[in-house]
Amino acid sequence: MAKKIFVGNLPFTTTSEELKEVFTAYGEVITAKVVTDRISGRSRGFGFVEMEPAAADAAIGALNGQDLGGRPLRVDAAKDRPPR
DNA sequence: GTTGAGCGTT
């Protein structure tokens, strides 16, 4: 199983393809998904990326705190679907 | 046509 990465603070126009493109540049992206609000059907402005541990570490170290869309991108290790 | 802390569906 690969490592999960939490990606936040991204523009509302960002899609899963964009997220995958950005993360695939640092390693093999297993799955990339942007979380959209199921209640209203709009993007929540954050998503999840699954990659290998080495690639995930490289992507986190490279994209965490970086500027994307004019805002500091937030990249960190994600939790395993915690209950709200 | 709007918004801005956070951890997602099968």
Side-chain angles (χ1 to χ4, degrees):
Chain A
M1 201 63 180
K3 187 182 184 70
K4 290 178 198 158
I5 312 172
F6 173 78
V7 188
N9 205 43
L10 33 89
F12 298 100
T13 54
T14 307
T15 59
S16 305
E17 295 181 358
E18 295 276 296
L19 202 67
K20 182 184 176 184
E21 288 292 310
V22 175
F23 275 81
T24 202
Y26 297 95
E28 183 183 353
V29 177
I30 313 299
T31 49
K33 191 184 307 178
V34 174
V35 179
T36 46
D37 191 271
R38 194 177 67 89
I39 307 175
S40 55
R42 290 167 195 160
S43 60
R44 280 191 176 175
F46 76 95
F48 288 93
V49 181
E50 190 174 2
M51 328 173 54
E52 309 176 72
D57 182 72
I60 291 173
L63 294 174
N64 188 23
Q66 293 298 313
D67 180 80
L68 183 67
R71 285 172 191 158
L73 194 63
R74 172 175 167 157
V75 184
D76 252 322
K79 298 135 190 163
D80 193 12
R81 275 190 293 162
R84 288 273 263 161

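Computed from heavy atoms alone, side chains included, the values below leave out hydrogens, waters and symmetry copies. Quick note on labels: first sequence line is chain A, next is B, and so on, each numbered from 1.
As judged by a 4.0 angstrom heavy-atom cut-off over every strand, A:A32 is placed among residues making no nucleic acid contact. Base contact: A:L10 has a heavy atom under 4.0 Å from a base atom. Base engagement by A:R44 is indicated by at least one non-hydrogen atom pair under 4.0 Å involving a base atom. At a threshold of 4.0 angstrom between heavy atoms, the contacts of A:N9 include nucleobase atoms, whether or not backbone atoms are also involved.
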Before giving the answer on side chain to side chain contact (heavy atoms under 4.5 Å, CB included), spell out for A:F6 and A:K79 the whole-Å C-alpha distance, their side-chain angles and the decisive distance to 0.1 Å. CA-CA 8 Å; A:F6 173 78; A:K79 298 135 190 163; over 6 Å; no
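In this structure, A:K4 places its NZ atom 10 Å from C1' of B:dC7, rounding to the nearest Å. For the pair A:F46 CZ and B:dG8 P, the interatomic distance rounds to 6 Å; values are reported in whole Å. Separating the CD1 atom of A:I5 from the C1' atom of B:dG6 is a distance of 17 Å, rounded to the nearest angstrom. The distance between atom CZ of A:R42 and atom P of B:dT2, rounded to the nearest whole Å, is 9 Å. At whole-Å resolution of the value, CG in A:D80 and C1' in B:dG8 are 10 Å apart. The distance between atom CG of A:L19 and atom C1' of B:dC7, rounded to the nearest whole Å, is 13 Å. For A:R38 and B:dT10, the CZ to P distance is 7 Å, given to the nearest whole Å. Atoms CG (A:D76) and P (B:dG6) sit 13 Å apart, rounded to a whole Å.
In terms of modelled atom types and a separation under 3.5 Å, the side chain of A:T14 and the main chain of A:P11 share a donor-acceptor contact.
Both stacking criteria are satisfied for A:F12 over the base of B:dT3: a centre-to-centre distance under 5.5 angstrom and an angle between ring planes under 30 degrees.
Residues A:I5 and A:L63 share a single hydrophobic cluster, defined by chaining ILVMFWY side chains whose heavy atoms lie under 4.5 Å apart. Each of A:F48 and A:Y26 belongs to its own hydrophobic cluster when Ile, Leu, Val, Met, Phe, Trp and Tyr are linked at side-chain heavy-atom distances under 4.5 angstrom.
Electrostatic pairing of A:R42 and A:D37 does not count as a salt bridge here, judged by no charged N lying under 4.0 Å from a carboxylate O.
Residue whose closest nucleotide on DNA chain B sits further toward the 5' end, between A:P82 and A:G45: A:G45.
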